[in-house]
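Heads up, the thing below is written out as structure tokens.
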Amino acid sequence: MEAVELRVGFVGAGRMAGGLARGLLRAGKVPASSILASAPSDRNLDAWRESGCRTTHCNLEVLQESTLVFLATKPHVLPGVLQEIRPAVGPHHVVVSLVAGVTLQALQRLLPAGTKVLRLMPNLPCVVQAGAMVFARGSGAGDGDATLLKDLLSSCGLCEEVPESYINIHTGLSGSGVAYGAAKMMLETGEHPAKLRADVCTPGGTTIHALHQLEKGALRATVMNAVEAATNRASEVAED
């Protein structure tokens with residue numbers, strides 16, 4: 001399927017959906033005019049319009065206009081949304097859920113029998129094309145659907161198919177695994193963390209912007225503590 005033909009819809013337009021859409025746009029995989037996002041109010045939709053995407057308040061319109069549909073609502077809202085869109089879901093749709101904690105079994109129960117459903121767990125670094133995503137497919141989704149998703153999202157970072165049971169583990173690991181990788185590099189190279197940071201950050205590039213966001217929050221101290229603990233432990237192991 002050519003990227004030009006692919007029409008991508010988002011039901012729900014919050015941070016995760018926005019991050020994924022920006023990753024796709026930045027990689028040039030899908031033109032903004034082929035993306036349609038829905039949300040109940042304009043609060044989240046303004047940013048989508050600024051990117052050139054189309055927006056609507058009608059979830060059904062997303063189904064009518066798109067072939068690949070990402071579900072990105074809050075978990076408690078999803079059953080009602082699925083009930084609403086169910087009549088519009090057809091065999092040509094590939095439905096990808098980003099909703100945490102909702103199983104493929106639950107999705108398949110609430111959508112028409114045989115619907116091509118996949119469950120994706122991205123993480124926010126997708127925006128800077130350094131995401132680590134895993135997805136699992138439901139019984140209706142074939143190899144072609146998995147390949148389509150993988151090809152599309154490989155531009156946003158690592159994207160691998162896994163058994164569904166891995167998805168919850170990934171949720172916990174994807175955020176912190178990055179820090180542990182950095183600790184390993186620090187130990188192997190013996191370089192100061194600031195030097196490593198300078199090496200991976202292009203001036204004015206995406207990584208430095210991401211780090212700036214981390215430093216604004218309290219995460220920096222937590223990650224530093226974790227890295228320090230890992231470093232100390234590694235030193236102890238080396239001395240044993």
Side-chain angles (χ1 to χ4, degrees), residues 1 5-24 30 34-49 53-124 126 133-146 148-150 152-153 161-168 170-171:
M1 193 182 282
E5 292 175 12
L6 190 63
R7 293 204 308 258
V8 180
F10 287 86
V11 175
R15 264 174 76 191
M16 201 58 90
L20 207 52
R22 282 197 300 279
L24 294 177
V30 184
S34 296
I35 295 178
L36 174 64
S38 68
S41 73
D42 279 329
R43 191 168 57 88
N44 285 334
L45 293 177
D46 290 341
W48 292 72
R49 284 196 283 263
C53 300
R54 293 175 302 128
T55 63
T56 177
H57 295 301
C58 174
N59 294 333
L60 279 171
E61 191 184 332
V62 175
L63 272 292
Q64 288 154 4
E65 294 280 321
S66 313
T67 41
L68 177 62
V69 178
F70 288 98
L71 302 173
T73 67
K74 296 267 194 301
H76 68 278
V77 177
L78 188 64
V81 167
L82 291 175
Q83 202 174 356
E84 179 199 350
I85 66 171
R86 187 187 167 109
V89 177
H92 62 292
H93 285 117
V94 177
V95 179
V96 181
S97 172
L98 307 178
V99 184
V102 180
T103 63
L104 283 165
Q105 194 180 354
L107 292 162
Q108 287 171 168
R109 196 173 61 242
L110 293 163
L111 286 164
T115 300
K116 301 171 193 166
V117 186
L118 300 99
R119 187 179 163 200
L120 173 72
M121 183 48 65
N123 64 354
L124 280 173
C126 307
M133 291 165 280
V134 291
F135 70 92
R137 64 171 111 158
S139 52
D143 291 345
D145 307 310
L148 168 72
L149 189 63
K150 202 169 172 175
L152 194 64
L153 297 179
E161 184 173 2
V162 295
E164 188 181 17
S165 57
Y166 286 27
I167 287 187
N168 294 334
H170 177 78
T171 307

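Quick caveat, the model's predicted, so the values are computed rather than measured. Computation of the quantities below employed the complete heavy-atom set of this structure, encompassing side-chain atoms and omitting hydrogens, waters and symmetry-equivalent molecules.
With contacts defined as side-chain heavy-atom distances shorter than 4.5 Å, the pair L71/I85 qualifies. Between V30 and L152 the shortest side-chain heavy-atom distance falls below 4.5 Å. Between L68 and V95 the shortest side-chain heavy-atom distance does not fall below 4.5 Å.
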Criterion salt bridge (Lys or Arg N to Asp or Glu O under 4.0 Å) on E161 and R137, from CA distance to verdict:
CA-CA 8 Å; E161 184 173 2; R137 64 171 111 158; 2.7 Å; yes
Given S38 and H57, is the side chain to side chain contact (heavy atoms under 4.5 Å, CB included) satisfied, shown in steps?
CA-CA 5 Å; S38 68; H57 295 301; over 6 Å; no
Kindly determine whether L104 and L118 satisfy side chain to side chain contact (heavy atoms under 4.5 Å, CB included), including the steps that lead there.
CA-CA 7 Å; L104 283 165; L118 300 99; 5.5 Å; no
Just do the side chain to side chain contact (heavy atoms under 4.5 Å, CB included) check on L120 and L153 with the steps written out, would you?
CA-CA 10 Å; L120 173 72; L153 297 179; 3.6 Å; yes
Would you please test R7 and I35 for side chain to side chain contact (heavy atoms under 4.5 Å, CB included) and show each step?
CA-CA 6 Å; R7 293 204 308 258; I35 295 178; over 6 Å; no
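V134 and V162 make their closest contact through CB-CG2, 3.8 Å (heavy atoms, listed as atom of the first residue, atom of the second, distance). Heavy-atom minimum distance, G140 versus D145: O-OD2, 4.4 Å. The minimum heavy-atom distance linking A100 with P75 is given by the pair O-CG, 3.7 Å. Across H93 and L63, no two heavy atoms sit closer than the pair NE2-O, 2.7 Å. When all heavy atoms of L45 and A13 are compared, the pair lying nearest together is CD2-CB, 3.8 Å. Summarising the geometry of G9 relative to V62, their closest heavy-atom pair is CA-CG1, 3.6 Å, with the distance given to 0.1 Å.
In this structure a side-chain-to-backbone donor-acceptor pair under 3.5 Å is present from Q108 to S139. Judged by distance alone, with hydrogens and angles left aside, the side-chain atoms of T103 form a donor-acceptor pair with the main-chain N or O of A106 at under 3.5 Å. The main-chain N or O of P91 is found under 3.5 Å from a side-chain atom of K116 such that the two form a donor-acceptor pair.
Residues E164 and R119 are paired through a salt bridge, judged by an N-O separation under 4.0 Å between the basic side chain and the carboxylate.
Within the model, atoms CG of L110 and CZ of R86 stand 7.5 Å from one another, a figure rounded to the nearest 0.5 Å. With values rounded to the nearest 0.5 angstrom, L149 atom CG is found 5.5 Å from F70 atom CZ. Distance check, rounded to the nearest 0.5 Å: CG of L20 to CZ of F10 gives 5.0 Å. Rounded to the nearest 0.5 Å, atoms OG1 (T115) and CZ (R109) are 14.0 Å apart. The CG atom of L6 sits 5.5 Å away from the CG atom of L148 when rounded to the nearest 0.5 Å. Rounding to the nearest 0.5 Å gives a distance of 3.5 Å between OG1 of T56 and CD of E61.
The residue from L111, N59, V11, V102 that alone fulfils the side chain to side chain contact (heavy atoms under 4.5 Å, CB included) condition with L82 is L111.
Side chains of R49 and T55: a donor on one and an acceptor on the other come within 3.5 Å.
Heavy-atom neighbours of Q105 CD from other residues, nucleotides or ligands within 6.0 Å: at or below the threshold of 12.
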